[in-house]
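Reading through the structure tokens given below for one structure.
The structure presented is a predicted model; accordingly, all values stated were derived computationally and were not measured. Atom set for the values below is all heavy atoms of this structure, side chains included, hydrogens, waters and symmetry mates excluded.
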Amino acid sequence: MTEYQPTAPYRGTRDFLPDEMSVRTQVFHRLYDVIERFGFRRYDGPQLEPAEIYEAKSGEEIANQQLYTLTDQGGRRLALRPEMTPSAARMVAGNAGSLQFPVRWYSHPNCHRYERPQRGRVREHWQINVDIFGSEAASCEIEMFELIDSMMRSLGADEDTFVIRVNDRQVLSAALTELVGVRTDQLGEVFALVDRWEKYDSERLAADAAEIGLDDKQFAGLTDVLAAGTSLLDELPAEVTGNSNVVRALRSSSAGLIRFDPHIVRGLAYYTSTVFEVFDTSGENNRALFGGGRYADLAGLFTPKQIPGIGFGMGDVTLFDFLDTHGLSPAPRSEVDVVVIPVTAELDDAARTVARTLRTAGLRTSVPLEPRKLGKEITRADRAGARAVVIVGAEEWQDGTVTVRDLGSGNQRQVPHEEAAETISTLLGTDR
RNA sequence: GUGGGUGUAGCUCAGUCGGUAGAGCACCUGGUUGUGGUCCAGGGGGCCGCGGGUUCAAGUCCCGUCACUCACCCCA
């Protein structure tokens, strides 16, 4: 017996059939529209990059376990990009001489990570990346928060369905060293502990803290710091809070969009101060929808020029989990507006003539590709989402007329074929 | 990489005490010439995930394996 290849896509990757693609396209276009309204311009780059650019910066987990690598025929080690930021940094560094900083850029690449698929996580995802390069101003943070809020609103999300939680690693570091007495060399491990704080019970947290070398009093102090919320800022010296863009954002008119939260640290090694994550408030999606942060010198791998930046990545998997949870995914768009049906095969050419004028008028129009009975063809047109059909019959065609039938009401009338487009446009209204 | 759950028609699922495969939906055709949705009749579709074992007999029991899925790790 013949062995057939499997039809399912490779583990952790997805096919997008037209209905699903239509939903995705609508959502993404709303987001692109909002992002561009904030003055960001779209860029793109290769899926393949030298493996080294990820091994240097992205954090050990990604480089060691999650990277798809290959060797090209010239022996070069390449990787499927696991994220876009290093590519963006490479492009910015390579063109730094001609760019007018600060630049606002966005992209929508597919990214690959080798990991076990689960809710919110697959091996290939499409991630909208939004970055500002070349500025350290707090305005960057504020613009990001405004943008994120506008993006979520554009998808129909109410303010109580999501929350932007914000922290500053510099502030947290100061709190840990000055209020808890954490040594500088312990900071990395304590950050990792903070990152999983809300997932573990207190016993496990205490055990992990002890392993890092914190005593009971320090563990209690750490617990207090994380629970403090905004009041933590009052306990820190002014030279710490005075330098924080997060604090500046909290004192701006945009403060209502965000919530200061010491728990947020994020895993990626290159974030240096501001970090933020967007969460679903419903409890259905326990991981962050998306997040980002500020990096003091991301392009350092490519150029001696110090180029700071801030940005975030919004993954499609968690985004659609959110939209589906809240009933916000749009319906797929219909296949066509109108189908032109010839009653007999001899009228195929006449139908095509009519279709030509409808298409010129901007109507999405199809003509049956195979002969079928009129009733069958009307059924198919209805299922394809057509709002109307044009029936081309022998006698009417000799008179230069066709029948326009409204599939919603079942009403139909005979019109000169040149007027069919106008008749249908009126029928469809202005919502096309 | 670790642990749990689930694999039967395109989809959702049933299948008793082991006895050789079913429903609903979807799809196709017909119900007379050029009119859809409802209704009626008919039809196509199944390596029961895969391999092995037990048995006269396995969708069903046992072992292995693969896939999907949820969680852990980590992260978008």
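- In this entry the distance linking CD of E198(A) with C1' of rC75(B) reads 15 Å, nearest Å.
- Between rA58(B) and rU8(B), the distance separating the two C1' atoms is 14 Å to the nearest Å.
- Proximity note for A288(A) (side chain, C-beta onward) versus rG34(B), rU35(B), rA76(B): the nearest is rA76(B).
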Atom pairs under 3.5 Å: protein N/O with N/O of nucleotides 24-26 of chain B:
none

What does nucleotides 67-72 of chain B look like as a protein-contact string, B for base, S for sugar-phosphate only, - for none, at under 4.0 angstrom between heavy atoms?
-S-SSB
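- Going from the C1' atom of rG24(B) to that of rA57(B) covers 31 Å, rounded to whole Å.
- Residues passing the side chain to side chain contact (heavy atoms under 4.5 Å, CB included) test with T379(A) are R383(A), sequence neighbours excluded.
- Annotation: rA14(B) and rC62(B) have their C1' atoms spaced 24 Å apart (nearest Å).
- Checking rU20(B) for Watson-Crick or G-U wobble geometry (two distances, each under 3.5 Å) identifies no partner in any strand.
- An OP1 or OP2 oxygen of rA76(B) is reached within less than 4.0 angstrom by no side-chain nitrogen or oxygen of R113(A).
- Comparing rC74(B), rG34(B), rU35(B) against the side chain of E115(A) picks out rC74(B) as the nearest.
- The aromatic ring centroids of F219(A) and W197(A) lie less than 6.0 Å from each other.
- Side-chain proximity of L374(A) to rU35(B), rC28(B), rA76(B): nearest is rU35(B).
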